[in-house]
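To start, the structure itself, in structure tokens.
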Amino acid sequence: MYDVTIIGAGVAGIFLAHELMAQGQTVLLIDAGKSLEQRTTKEAYLGFGGLGKSEGKYNYSAGFGGELAEKLGTETMLRLMQQVDDILCRYGANEVDTYSTSNPELAARARAVGLDTIETTVRHLGTGLSERVLQRFEAALQKQVTFRYETLIERIEKQSDGFQLTTARETFLSQRVVFATGRSGTDWMQTQLRMLGLTQDKTRLDLGIRIELEETAFRTLLQDTFETKLAYPSTAGTAVTYCMNPKGRIIRKHQEGLVMPDGQNFREQASGTTNLNFTLFLPRYFATLAEANQFAASVIGRINQGTDRIVVQRLGDLRAACPTSSTDLAENKIRPTLEATAGHLMEEVPETDITVLLEFLNRLELLLETPLSPDTLLYGMDGKFYAPVLSTSRVFETDINGLYAIGDCSGVTHSLSQAAASGLYLGQHLTQKTAVLRE
């Protein structure tokens, strides 16, 4: 019998396994995906490292990325994030330095025009370094942790002394079981929760427009840092900038059967660009996961038209309420870094999102103290997907004794750093609990 079985080898699961391994516990780590070496570019979320294999962007902040601070307290969360960073650096993450978005003068200027700044310390690994760090991480775990890749658990049954987990080929016994499946394992997890008699709560969905503009326009804001994070408290909800990429590119992101514009760090290419891009996300909440997915499909799926279609429009045309033509795009001063279809966002994006976008850009111009170029490009439509909230205790235990849920599948965390921190926190708790049981 294992001390702990972890279902999901994403960031939350591997940091939990790392903590338990360090304390000598017997750990089984099961994932439906493949080992890091065998993962392909199409497997963005399954397999060792999960989403951490992509940009590897760790934001150490209580200001966004989930509700972990509300669950554990800000001081505890920040202490855990420091431990997360220490572990990452142990495996080579310190090849890149951290940077801070803190700027008191900018914060005061932003408040004066109706915007807020979000302070964070960032360690942005980029895809290449992230993979190297995860390779070392996986090698360390393999010394003591039992892995089962490409394995799907068919049933979890509560027993008097723990749990029985059944797959197509094997049966495992474990004192405790931890869900760490991330957003990608939501459907499987919902099925298991129903069989266990547990239900989930509301679901969040963020939709946003990706903005591409001249990098020089932001230089006054980025003199002392790589990026800044801005929030606009609109009447429709607080819109937040995300994944700012100075000198970066826009690429296609495939998720949930949809195709969306995403940012790519300039370090991922041989050379940078003269552009800067970021997404302005607006959150929505739905009673069920099905409703959230249906809404996303009705917006982004409609834009895709069954292909990888993404629509792009000039800011000047959006403000004039007229479509952008392919000729307009070919003559545009700001060159698009993503091949997209020229069109009219007002015909393809919810009116609320257009209104919030234009209100934000008006305030951004006040902050920059200069108008944005009418050649600024707007891509529709990006999305961030979240798992439904599952009721858990302060130590992430569900209503079933010995069954836990951490990371994004709990609905509590929405970022790599918070997911990793939740894994460390549970690992420290389970280590203490096991020590007491063995006395």
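Only a predicted model underlies this, so the values are computations on that prediction, with no experimental measurement involved.
Here Gln190 contributes atom CD and Thr186 contributes atom OG1; the two are 6.5 Å apart, rounded to the nearest 0.5 Å. Taken from OH in Tyr379 to CD1 in Ile250, the straight-line distance is 4.5 Å, to the nearest 0.5 Å. Atom CG in Leu366 sits 8.5 Å away from atom CG in Leu115 (nearest 0.5 Å). Remark: Leu378 CG to Leu357 CG distance equals 5.5 Å, nearest 0.5 Å. Rounding to the nearest 0.5 angstrom, the gap separating the CD atom in Glu19 from the CG atom in Leu426 is 10.0 Å. Taken from CG in Leu68 to OG1 in Thr76, the straight-line distance is 9.0 Å, to the nearest 0.5 Å.
Side-chain atoms of Gln418 and Val84, non-hydrogen and from C-beta on, never get closer than 4.5 Å to each other. Counting heavy atoms from C-beta on, the side chains of Phe179 and Ile156 come closer than 4.5 Å. For the pair Thr5 and Phe163, the minimum side-chain heavy-atom distance is 4.5 Å or more. Taking 4.5 Å as the limit, every side-chain heavy atom of Gln294 sits out of range of all side-chain heavy atoms of Phe286. No side-chain heavy atom of Ile310 sits less than 4.5 Å from a side-chain heavy atom of Met260. With a 4.5 Å cut-off on side-chain heavy atoms, Asn275 and Asn245 do not count as touching. A 4.5 Å side-chain heavy-atom check between Lys71 and Thr413 finds every atom pair outside the cut-off. Using a 4.5 Å heavy-atom cutoff, the side chains of His414 and Glu67 are in contact.
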Legend entry - side-chain contact (heavy atoms from CB on, under 4.5 Å) between Thr228 and Thr241, worked out: CA-CA 8 Å; Thr228 188; Thr241 63; over 6 Å; no

Inset, instruction - Go through the steps for Arg148 and Thr146 under the test side-chain contact (heavy atoms from CB on, under 4.5 Å), then give the verdict. - result: CA-CA 7 Å; Arg148 287 292 187 277; Thr146 301; 3.5 Å; yes

Inset, instruction - For side-chain contact (heavy atoms from CB on, under 4.5 Å), just list the numbers for Leu29 and Ile6, CA-CA rounded to whole Å, side-chain angles, deciding distance to a tenth of an Å, and then say yes or no. - result: CA-CA 5 Å; Leu29 186 53; Ile6 305 166; 3.5 Å; yes

Inset, instruction - Report the C-alpha separation of Ser234 and Glu359 in whole Å, then their side-chain angles, then the decisive distance to 0.1 Å, and conclude whether the side chain to side chain donor-acceptor pair (under 3.5 Å) test is met. - result: CA-CA 8 Å; Ser234 76; Glu359 290 174 352; 5.3 Å; no

Inset, instruction - Any chance you could lay out the side-chain contact (heavy atoms from CB on, under 4.5 Å) test for Phe172 and Ile153, step after step, and finish with the verdict? - result: CA-CA 10 Å; Phe172 303 101; Ile153 295 173; over 6 Å; no

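Side chain of Ser298 to main chain of Phe295: a donor-acceptor pair is present (N/O by atom type, distance under 3.5 Å, no hydrogens or angles). A donor-acceptor contact shorter than 3.5 Å links the side chain of Arg39 to the backbone of Phe48. Asn59 contributes no side-chain N or O that, together with a main-chain N or O of Ser61, makes up a donor-acceptor pair within less than 3.5 Å. In terms of modelled atom types and a separation under 3.5 Å, the side chain of Arg363 and the main chain of Ala110 share no donor-acceptor contact. Put simply, the side chain of Asp3 never gets that close to the backbone of Arg176: no donor and acceptor are under 3.5 Å apart. Thr431 contributes no side-chain N or O that, together with a main-chain N or O of His429, makes up a donor-acceptor pair within less than 3.5 Å. The closest donor-acceptor contact from the side chain of Asn304 to the backbone of Val259 lies under 3.5 Å. Under the 3.5 Å distance criterion, the side-chain polar atoms of Glu365 are matched with a main-chain donor or acceptor of Leu372. Within the 3.5 Å criterion, the main-chain N or O of Arg123 finds no donor-acceptor partner in the side chain of Thr98. In this structure, the side chain of Ser100 does not engage the main chain of Glu119 through any donor-acceptor pair within 3.5 Å.
Closest heavy-atom contact between Ser422 and Ile406: OG-CB, 3.7 Å. Nearest heavy atoms, Ser130 versus Gly56: OG-CA, 3.8 Å. The minimum heavy-atom distance linking Ser373 with Leu315 is given by the pair O-CD2, 4.0 Å. Closest non-hydrogen pair, Ser184 versus Leu46, comes out as OG-CD2, 4.0 Å. Residues Gly248 and Thr273 come closest through the heavy atom pair O-OG1, 3.0 Å. The minimum heavy-atom distance between Arg204 and Pro283, with the atom names listed, is NE-CB, 3.7 Å.
Heavy-atom neighbours of Lys202 NZ from other residues, nucleotides or ligands within 6.0 Å: at or below the threshold of 12. Heavy atoms from other residues, nucleotides or ligands lying under 6.0 Å from CD of Gln159 number more than 12.
Between Phe396 and Tyr425, the ring planes are perpendicular. Angles over 60° get that label, and only those under 30° would be called parallel. The aromatic rings of Tyr232 and Phe360 lie tilted to each other, with the angle between the two planes from 30° to 60°. Relative orientation of the Tyr91 and His18 rings is perpendicular, given thresholds of 30° and 60° on the angle between their planes.
For the residue pair Thr279 and Arg210, a side-chain donor N or O sits within less than 3.5 Å of a side-chain acceptor on the partner. Side-chain polar atoms of Gln428 and Gln83 form a donor-acceptor pair below 3.5 angstrom.
Ring centers of Phe281 and Phe64: at least 6.0 Å apart, outside the cut-off.
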